[in-house]
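Let me begin by presenting the structure, written as structure tokens, before commenting on it.
These numbers come from the heavy atoms of this one structure, side chains and all, not from hydrogens, waters or symmetry mates.
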Amino acid sequence: MAQRVTLRKRQPYNTTSSRRRVVKTPGGKLVYHHLKKLATAPKCGDCGTGLPGIIALRPREYATVSKRQKTVQRAYGGSRCGECVKSRILRAFLVEEAKIVKKVIKSQQKAAAARK
């Protein structure tokens with residue numbers, strides 16, 4: 001008959017926070033090892049893909065890690081992926097260009113109206 005294994009923590013429910021694995025000790029006894037929750041990598045705020053270059057940890061563990069491992073040396077590093085930053089820069093440039101073109105067209109129409 002298989003050896004019985006008793007829970008080491010008081011919480012009896014099979015939740016995500018009380019995952020466990022059966023491990024055989026050197027003495028031949030079976031015991032539960034309680035497992036920690038799996039960490040998920042930070043995601044891009046715009047497209048939702050995982051951010052490359054940033055390690056996946058549980059939220060509290062980020063406090064013990066250096067800043068170099070939590071960010072990327074770029075504008076919006078650690079918050080947005082490179083593709084989204086590129087598209088943001090391009091969009092901002094095109095908006096500014098559209099404003100300039102609008103202003104030039106307005107001044108040309110004004111000049112044409114003054115000549116008549």
Item to complete: Output, in order, the C-alpha distance, side-chain angles, deciding distance and verdict of side-chain contact (heavy atoms from CB on, under 4.5 Å) for His33 and Arg8.
Response: CA-CA 8 Å; His33 271 193; Arg8 299 168 95 180; 3.7 Å; yes
Fill in: Trace of the side-chain contact (heavy atoms from CB on, under 4.5 Å) decision for Lys29 with Val31
CA-CA 6 Å; Lys29 225 168 90 174; Val31 294; 4.2 Å; yes
Worksheet item: Under the side-chain contact (heavy atoms from CB on, under 4.5 Å) criterion, do Ile100 and Lys103 qualify, and how do the steps go?
Response: CA-CA 5 Å; Ile100 293 167; Lys103 193 183 280 183; 5.7 Å; no
Discussion item. With side-chain contact (heavy atoms from CB on, under 4.5 Å) as the criterion, how do His34 and Arg19 come out once you've worked through the C-alpha distance, each side chain's angles and the decisive distance to 0.1 Å?
Written reply: CA-CA 6 Å; His34 289 277; Arg19 287 174 53 241; over 6 Å; no
Could you go through residues 65-74 and list every donor-acceptor pair under 3.5 Å that involves a side-chain atom there, pairing it with any protein atom two or more places apart or in another chain?
residue, atom, partner, partner atom, Å
Lys70, NZ, Tyr62, O, 3.0
Lys70, NZ, Val65, O, 3.3
Thr71, OG1, Lys67, O, 3.3
Arg74, NH1, Arg80, O, 3.4

Please table the atom pairs, donor to acceptor, closer than 3.5 Å between any side-chain atom in residues 36-45 and protein atoms at least two apart or in another chain.
residue, atom, partner, partner atom, Å
Lys43, NZ, Ala41, O, 3.1

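Side-chain contact between Lys99 and Val104 is absent, with no heavy-atom pair separated by less than 4.5 Å.
One distance of note links CG of Leu35 with OG1 of Thr16; it measures 12.0 Å at 0.5 Å rounding. Here SG of Cys84 is found 11.5 Å from CD1 of Ile89. Values are rounded to the nearest 0.5 Å. Considering CG of Asp46 and OG of Ser79, their distance stands at 7.5 Å, rounded to 0.5 Å. The CD atom of Glu61 sits 6.5 Å away from atom OG1 of Thr64, with the distance rounded to the nearest 0.5 Å. We find the NZ-NZ distance between Lys110 and Lys106 to be 7.0 Å, quoted to the nearest 0.5 Å. Atom CG in Leu30 sits 4.0 Å away from atom CD in Gln3 (nearest 0.5 Å).
We find that Lys86 and Glu83 are joined by a salt bridge, their nearest charged nitrogen and carboxylate oxygen being less than 4.0 Å apart.
Put simply, the side chain of Ser18 never gets that close to the backbone of Pro12: no donor and acceptor are under 3.5 Å apart.
Among all heavy-atom pairs drawn from Tyr32 and Thr6, the shortest one is CD1-O, 3.4 Å.
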